[in-house]
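Just below is one structure, and these are the notes that go with it.
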Amino acid sequence: MKIASWNVNSLNVRLPHLQRWLDEAKPDVVALQETKQEDHKFPEDALLELGYRSMFCGQKTYNGVAIVSRLPFAGECVTAIPGFEDPQKRVLAATVGDLRIVDLYVVNGEAVGSEKFDYKLRWLAAVREWLREEIAAHPNLVVLGDFNIAPDDRDVFDPKRWREKILCSTPEREAYRSLLDLGLHDSFRLFNDEAGHHSWWDYRLSGFERGWGLRIDLVLVSEALKARCTGAGIDREPRGWERPSDHTPVFVEIADA
DNA sequence: ATGGTAGCACAGCTA
């Protein structure tokens with residue numbers, strides 16, 4: 001099973017890219033973030049034509065998540081963090097085969113110390129408590145998405161410039177750590193410990209052309225799935241296509257049980 | 001130290 005995550009930054013604009021990538025990369029499951037469209041506008045039929053069914057939880061203009069899968073969905077789907085009041089559509093959990101998939105679009109946080117930063121930390125704390133339940137109920141858990149956190153300095157093109165800045169600050173990294181402490185592993189780091197692998201490049205200052213990127217799109221796997229992980233990676237290609245998202249797809253390969 | 005681009009929507013917010 002190839003399981004991927006991609007922040008498409010508007011599915012209205014990026015549907016052709018998604019279609020092309022599904023055709024070329026042939027993932028089994030893709031978790032999308034920043035679809036920025038209401039559910040009645042989701043391109044369900046266009047994706048069905050490629051053999052993918054969809055679950056989605058969107059809103060106009062901002063946020064929005066979806067899970068697209070070649071295999072049928074089973075079991076219960078979750079579209080909000082239980083017990084956490086939040087009008088923003090940022091989470092979606094579904095079951096595909098023997099895998100529980102949790103798609104997260106983590107709050108960006110704007111700047112360290114801002115109101116949005118406080119929301120980011122509260123949101124992450126609520127997610128952690130929710131994931132604690134999910135992992136207990138579903139040992140084969142994949143938690144993936146746009147984390148808006150670079151786990152450590154290897155994931156940042158210029159750590160000095162980003163030191164204690166948003167996406168890299170100690171409180172954010174500690175919140176991320178506390179998710180791993182539930183028994184989750186960064187699949188990319190099971191196979192690669194080098195610096196310089198990125199998944200997001202700012203549109204501003206031509207970040208992609210200059211190699212100014214961060215690795216903030218992650219695929220976490222539970223202890224049970226760690227043993228079944230056969231590979232993980234980042235597909236930089238779509239970031240070079242015309243009118244790209246600022247993020248590129250990341251993925252993991254999981255062997256059948 | 002600041003700014004820069006992209007999307008949505010048509011001013012200003014979010015990233």
Side-chain angles (χ1 to χ4, degrees), chain A residues 5-21 30-43 46 56-66 81 85-92 103-124 127 144-151 155-169 171-173 175-176 198-218 234 236-250:
Chain A
S5 172
W6 194 4
N7 179 325
V8 291
N9 186 19
S10 169
L11 190 51
N12 293 312
V13 173
R14 231 66 67 188
L15 178 60
H17 281 203
L18 176 61
Q19 289 168 310
R20 177 175 169 186
W21 193 71
V30 187
L32 304 174
Q33 304 86 36
E34 285 205 89
T35 53
K36 298 187 177 179
Q37 63 189 177
E38 290 172 299
D39 289 346
H40 70 271
K41 293 203 171 175
F42 192 90
F56 37 88
C57 177
Q59 66 186 96
K60 204 195 283 190
T61 311
Y62 302 119
N63 310 309
V65 284
I81 306 166
E85 196 67 42
D86 190 3
Q88 303 193 16
K89 309 294 193 186
R90 296 178 171 278
V91 304
L92 183 60
D103 182 11
L104 302 180
Y105 173 46
V106 175
V107 176
N108 173 281
E110 192 192 13
V112 175
S114 68
E115 231 169 80
K116 294 197 187 89
F117 185 74
D118 180 61
Y119 166 48
K120 181 176 197 170
L121 296 181
R122 286 187 292 109
W123 190 93
L124 284 164
V127 162
L144 75 176
D146 176 358
F147 280 70
N148 269 317
I149 299 171
D155 305 308
V156 182
F157 73 96
D158 184 351
K160 267 189 221 152
R161 180 196 179 118
W162 282 85
R163 199 178 127 76
E164 294 303 330
K165 294 277 197 300
I166 195 67
L167 314 183
C168 299
S169 74
E172 291 167 90
R173 285 177 170 173
Y176 169 71
H198 305 138
S199 66
W200 169 78
W201 298 262
D202 202 323
Y203 288 126
R204 297 166 289 190
L205 302 173
S206 302
F208 185 62
E209 289 73 12
R210 300 193 212 206
W212 291 357
L214 277 72
R215 192 175 68 93
I216 56 176
D217 298 273
L218 310 172
I234 301 173
R236 290 166 50 96
E237 219 188 287
R239 188 60 178 79
W241 292 345
E242 197 179 334
R243 204 181 179 191
S245 166
D246 45 349
H247 296 252
T248 212
V250 301

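Note on naming: letters A, B, ... go to the chains in the order of the sequence lines (proteins, then strands), and numbering restarts at 1 for each one.
- Remark: A/Arg173 engages A/Asp153 in a salt bridge (Lys or Arg N to Asp or Glu O under 4.0 Å) (not counting sequence neighbours).
- Residue A/Asn12 is tested with A/Lys41, A/Gln37, A/Lys36 for a side-chain hydrogen bond (donor to acceptor under 3.5 Å, both in side chains); the sole match is A/Gln37.
- A heavy-atom distance below 4.0 Å to DNA chain B is reached by these residues of residues 103-119 of chain A, ordered by number: A/Tyr105, A/Asn108, A/Lys116.
- On the P atoms, B/dG7 is 22 Å away from B/dG3, given to the nearest whole Å.
- Between A/Trp21 and A/Trp6, the distance from one ring center to the other falls under 6.0 angstrom.
- Once you apply a 4.0 Å limit to the heavy atoms of chain A, the touched nucleotides of DNA chain B run 5' to 3' over B/dG3 to B/dA15.
- If you take atom C1' in B/dC10 and the same atom in B/dA6, they sit 15 Å apart, rounded to whole Å.
- Within 6.0 Å of CD in A/Glu85 there are 12 or fewer heavy atoms belonging to other residues, nucleotides or ligands.
- Listed by residue number, A/Tyr203, A/Arg204, A/Leu205 are the residues of residues 200-213 of chain A with a heavy-atom contact under 4.0 Å to DNA chain B.
- Counting only residues at least two apart or in different chains, salt bridge (charged side-chain N to carboxylate O under 4.0 Å, His left out) contacts with residues 238-250 of chain A are absent.
- Of the two residues near DNA chain B, A/Arg243 and A/Arg161, the one whose nearest nucleotide lies more 5' is A/Arg161.
- B/dA11 and B/dA1 have their P atoms separated by 35 Å, given to the nearest Å.
- Stacking of A/Arg161 on the aromatic ring of A/Trp212 is recorded, both the 6.0 Å distance cut-off and the 45° axial limit being met.
- Comparing A/Lys60 and A/Asp146 by the nucleotide of DNA chain B whose heavy atom lies nearest to each, the residue mapping closer to the 5' end is A/Lys60.
- Between B/dT14 and B/dA9, the two P atoms lie 14 Å apart (nearest whole Å).
- Side-chain N/O atoms of A/Asp217 and A/Ser199 include a donor and acceptor closer than 3.5 Å.
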Next item on the list: Could you check A/Thr35 against A/Phe56 for side-chain contact (heavy atoms from CB on, under 4.5 Å), going step by step and ending with a plain yes or no?
Entry: CA-CA 9 Å; A/Thr35 53; A/Phe56 37 88; over 6 Å; no
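- Annotation: cation-pi geometry not satisfied between A/Arg215 and A/Trp200 (NZ/CZ under 6.0 angstrom from ring centroid, within 45° of ring axis).
- Sorted by first then second residue, the salt bridge (charged side-chain N to carboxylate O under 4.0 Å, His left out) pairs that include residues 103-119 of chain A, not counting sequence neighbours, are A/Glu110-A/Lys116, A/Asp118-A/Arg122.
- Nucleic acid contact class of A/Asp246 (heavy atoms, under 4.0 Å, all strands): none.
- Between the side chains of A/Tyr119 and A/Asn108, no donor N or O sits under 3.5 Å from an acceptor N or O.
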